[in-house]
Asks: 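Shown below is the structure under consideration.
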Amino acid sequence: MGRTAVAFCPGHISGWFKRADPKNGVKGSVGGGIVVNKGVTSEVRESDAMSVQALKKEADGSISSLFSGSPPIEYAFEKLGILAEVITTTRLPAGSGFGLSAASLLSSLSAANSLFDLGLDNAGIAKIAHESEIKFNSGLGDVAALTGGGYICRQKPGIMGDIIRNYDMNDSISVISFGPLPTESILGNPKAMEKISSAFREVCPKTPAEFFEISREFAENSGLISERIRSVLLKCDQNNIPASMTMLGEGVFAYGKNAERILAGFGEVYNLNMSKYGFETRRND
Ligand SMILES: Nc1ncnc2c1ncn2[C@@H]1O[C@H](COP(=O)(O)OP(=O)(O)O)[C@@H](O)[C@H]1O
Ligand SMILES: CC(C)(COP(=O)(O)O)[C@@H](O)C(=O)O
């Protein structure tokens with residue numbers, strides 16, 4: 001069996017976003033989100049063929065297969081001229097607004113950097129990951145968000161854009177997901193993106209409460225809230241629990257110690273905390 005390397009990248013829940021104006025040349029988005037402590041662990045193994053296997057860790061600790069093949073990762077590895085067997089593992093549901101496309105890219109590239117001694121730094125890895133996300137419409141701002149931790153406000157697009165990071169989101173974040181909302185299906189829908197742009201406000205939160213207020217106002221104006229999301233949001237409102245829709249996934253994220261109990265009435269709840277750190281470049285240590 002060939003040599004292997006392993007790396008982790010946190011997830012990222014977007015609360016609000018807007019695609020950046022391509023006129024300024026830098027592709028991506030502006031908006032706000034939370035870097036969360038659960039994400040993707042990637043194992044990269046030397047191989048004479050490229051392959052990607054995505055696995056999910058279930059609540060009982062068992063491992064199930066999510067899917068095989070990941071165009072964004074395969075593209076990034078091809079750009080680097082490397083072949084490898086990549087195995088990603090996550091506790092979180094794919095395609096559900098946790099930024100797992102970005103997290104799987106960053107963790108697998110970080111592990112590859114170590115395994116093949118590529119000499120890339122954080123910015124070098126983020127650049128390739130961001131380029132892959134944009135090419136496959138699998139995300140716009142998650143890579144930039146995951147270059148650090150906290151709850152954030154991205155004021156300029158791209159991985160070198162201005163990002164305000166706050167770190168006082170100390171209570172738990174509970175999330176329920178009713179199923180995937182393939183990011184590309186929204187980003188590739190001009191009408192949906194027009195409504196999303198009109199819902200966007202150029203404001204940045206100073207507190208966790210403000211973060212959820214901005215997120216919720218955006219979600220309400222985005223046209224994306226489904227009936228199932230609406231029923232969860234109403235229950236959270238009745239219990240004074242800050243909550244909004246996970247962007248882009250058919251789910252709800254809610255804040256504070258009482259949130260888990262309220263969300264549990266609707267299905268499986270993922271318990272998360274804000275992560276103080278983003279992805280870490282594994283060097284050839
Ligand atoms: N855990 C994962 N492992 C490997 N590739 C992934 C993973 N999650 C997402 N991807 C890749 O990113 C693409 C888009 O995923 P997306 O719907 O954006 O998920 P998310 O909303 O969690 O970012 C997927 O089709 C897949 O190619
Ligand atoms: C919201 C989204 C465009 C997609 O996020 P996800 O579905 O989690 O990949 C994100 O990349 C952002 O720019 O904020």
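None of the values given here were measured: they were computed from a predicted structure. Indexing begins at 1, ligand by ligand and atom by atom, following the structure's order.
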Asks: Ignoring angles and geometry beyond distance, decide whether Ala54 reaches within less than 3.5 Å of ligand 1 through its nitrogen or oxygen atoms.
Replies: no
Asks: Taking all non-hydrogen atoms of both residues, which atom of Ile229 and which atom of Gly251 are closest, and how far apart?
Replies: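 The pair with the smallest heavy-atom distance is CD1-N, 3.7 Å.
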Asks: Pull out every atom of ligand 2 sitting under 4.0 Å from any heavy atom of Met247, numbered as shown with elements.
Replies: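 It comes down to these atoms of ligand 2: 1 (C), 5 (O), 8 (O).
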Asks: Given the side-chain rings of Phe136 and Tyr75, with only the six-membered ring counted for Trp, is the space between their centroids under 6.0 Å?
Replies: yes
Asks: Go through the side-chain N and O atoms of Ser101 and Glu133 and say whether any donor and acceptor fall under 3.5 Å apart.
Replies: yes
Asks: Which of the atoms of ligand 1 are close to Gly97, meaning less than 4.0 Å from one of its heavy atoms?
Replies: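 So the answer, numbered in order with elements, is 21 (O).
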Asks: Assess whether a salt bridge exists between Glu131 and Lys79, defined as any Lys/Arg side-chain N lying under 4.0 Å from an Asp/Glu carboxylate O.
Replies: yes
Asks: So, Thr147 versus Arg165: side-chain donor-acceptor pair below 3.5 Å or not?
Replies: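 Distance-only check passes for Thr147 and Arg165.
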Asks: Answer yes if a protein heavy atom lies under 4.0 Å from atom 25 (O) of ligand 1, otherwise answer no.
Replies: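 It does not: no protein heavy atom is found less than 4.0 Å away from atom 25 (O) of ligand 1.
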Asks: Does the side chain of Phe77 reach to within under 4.5 Å of the side chain of Val86, using non-hydrogen atoms?
Replies: yes
Asks: Looking only at side-chain N and O atoms, does Ser42 offer a donor or acceptor that is under 3.5 Å from a partner on Ser107?
Replies: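 Yes, Ser42 and Ser107 have a side-chain donor paired with an acceptor closer than 3.5 Å.
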Asks: Looking only at protein heavy atoms, identify the closest one to atom 8 (O) of ligand 2 and say how far it is in Å.
Replies: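 Result: Gly99 N, 2.9 Å.
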Asks: Using a heavy-atom cut-off of under 4.0 Å, does the side chain or the backbone of Ala102 touch ligand 2, or both, or neither?
Replies: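 For Ala102, there is no contact with ligand 2 at all, from either part.
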Asks: Under a 4.0 Å heavy-atom limit, does Ser70 contact ligand 1 with its side chain, its backbone, both, or neither?
Replies: both
Asks: When only distance counts, is Leu187 in polar contact with ligand 2, meaning an N/O pair under 3.5 Å?
Replies: no
Asks: Kindly give the heavy-atom pair with the smallest separation between Ser104 and Val40, and that separation in Å.
Replies: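 Shortest heavy-atom contact: CA-CG1, 3.8 Å.
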Asks: Does this structure show an ion pair linking Glu220 with Arg230, if we count only N-O contacts that are shorter than 4.0 Å?
Replies: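 Between Arg230 and Glu220 there is a salt bridge, with a charged N closer than 4.0 Å to a carboxylate O.
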Asks: Would Phe17 end up clustered with Val203 when hydrophobic side chains under 4.5 Å apart are linked, directly or stepwise?
Replies: yes
Asks: Side chain, backbone, both or neither: which part of Pro72 has a heavy atom under 4.0 Å from ligand 1?
Replies: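 The answer is the side chain of Pro72.
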Asks: Hey, are Glu194 and Lys18 close enough for a salt bridge, meaning a charged N less than 4.0 Å from a carboxylate O?
Replies: no
Asks: Please identify which atoms of ligand 1 are closer than 4.0 Å to at least one heavy atom of Ser96.
Replies: 21 (O), 22 (O)
Asks: Which of the numbered atoms in ligand 2 are below 4.0 angstrom from a heavy atom of Ser14?
Replies: 1 (C), 10 (C), 12 (C), 14 (O)
Asks: What atoms of ligand 1 come closer than 4.0 angstrom to any heavy atom of Gly99?
Replies: 22 (O), 23 (O)
Asks: Under 4.0 Å from a heavy atom of Ser138: give me the atoms of ligand 2 that qualify, with their elements.
Replies: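 What qualifies from ligand 2 is 9 (O).
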Asks: Consider ligand 1: state whether an atom of it lies below 4.0 angstrom from any non-hydrogen atom of Gly249.
Replies: no
Asks: Considering Leu187, Thr88, Thr246, Leu105 one by one, which has a heavy atom nearer to atom 2 (C) of ligand 1 than any of the others?
Replies: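 Looking at heavy atoms only, Thr88 sits closest to atom 2 (C) of ligand 1.
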Asks: Students should be able to answer this: which protein heavy-atom is nearest to atom 9 (O) of ligand 2, and at what distance?
Replies: Asp142 OD2, 3.1 Å
Asks: Can a donor-acceptor pair be found between the side chains of Arg19 and Ser197 at a distance below 3.5 Å?
Replies: no
Asks: Only heavy atoms of Thr183, strictly under 4.0 Å: list the atoms of ligand 1 that pass.
Replies: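 Selected atoms, number and element: 16 (P), 17 (O), 18 (O), 21 (O).
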Asks: Taking the ring centre of each residue, are Phe212 and Phe253 less than 6.0 Å apart?
Replies: yes
Asks: Look at atom 17 (O) of ligand 1 and say which protein heavy atom is nearest, naming residue and atom and giving the distance to 0.1 Å.
Replies: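 Checked against all protein heavy atoms, atom 17 (O) of ligand 1 sits closest to Gly95 CA, 3.4 Å.
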Asks: Are Phe67 and ligand 1 in contact, using a heavy-atom cut-off of under 4.0 Å?
Replies: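 Within the 4.0 Å threshold, so yes.
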Asks: So, regarding Leu248 and ligand 2 (criterion: nitrogen or oxygen to nitrogen or oxygen, under 3.5 Å), is there a contact or not?
Replies: yes
Asks: Quick one, Phe279 and Leu109 - any side-chain contact, counting heavy atoms below 4.5 Å?
Replies: no
Asks: Say whether Leu100, considering both its backbone and side-chain N or O atoms, lies within less than 3.5 Å of an N or O atom on ligand 1.
Replies: yes
Asks: Salt bridge between Glu58 and Lys56, side-chain N to carboxylate O under 4.0 Å?
Replies: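 Salt bridge between Glu58 and Lys56, a charged N being under 4.0 Å from a carboxylate O: yes.
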Asks: If you measure every N or O of Ser138 against every N or O of ligand 1, does any of those distances drop under 3.5 Å?
Replies: yes
Asks: With heavy-atom distances below 4.0 Å as the criterion, list the atoms of ligand 2 near Arg154.
Replies: 12 (C), 13 (O), 14 (O)
Asks: Mark up the atoms of ligand 2 that fall under 4.0 Å of a heavy atom belonging to Gly141, in ascending order.
Replies: 10 (C), 11 (O), 12 (C), 13 (O)
Asks: Quick one: does Gly97 get a heavy atom under 4.0 Å from ligand 2?
Replies: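 Yes, Gly97 has heavy atoms under 4.0 Å from ligand 2.
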Asks: Classify the side-chain pair Ser51/Glu85 by whether it contains a donor and acceptor separated by less than 3.5 Å.
Replies: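 No, because no side-chain N or O of Ser51 sits under 3.5 Å from a partner of the opposite role on Glu85.
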Asks: Below 4.0 Å from any atom of ligand 1, is there a heavy atom belonging to Gly139?
Replies: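 False for this residue.
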Asks: Identify the heavy atoms of His12 and Val36 that sit nearest to each other, and give their distance.
Replies: N-CG2, 4.1 Å
Asks: Counting from 1, what ligand 2 atoms have a heavy atom of Phe98 closer than 4.0 Å?
Replies: 8 (O)
Asks: May I ask you to identify, for Thr183, whether its side chain, its backbone, both or neither come under 4.0 Å of ligand 2 on a heavy-atom basis?
Replies: side chain
Asks: Among all protein heavy atoms in this structure, tell me which lies nearest to atom 13 (O) of ligand 2, with the distance rounded to 0.1 Å.
Replies: Ser29 OG, 2.6 Å
Asks: If you look at every heavy atom in Gly15 and Phe218, which pair is closest and at what distance?
Replies: O-CD2, 3.6 Å
Asks: For atom 12 (O) of ligand 1, find the nearest protein heavy atom and state the residue, atom name and distance (0.1 Å precision).
Replies: Ser101 CB, 3.2 Å
Asks: Suppose I only count heavy atoms of Gly139 and a 4.0 Å limit; which atoms of ligand 2 are within that range?
Replies: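 Those atoms are 11 (O).
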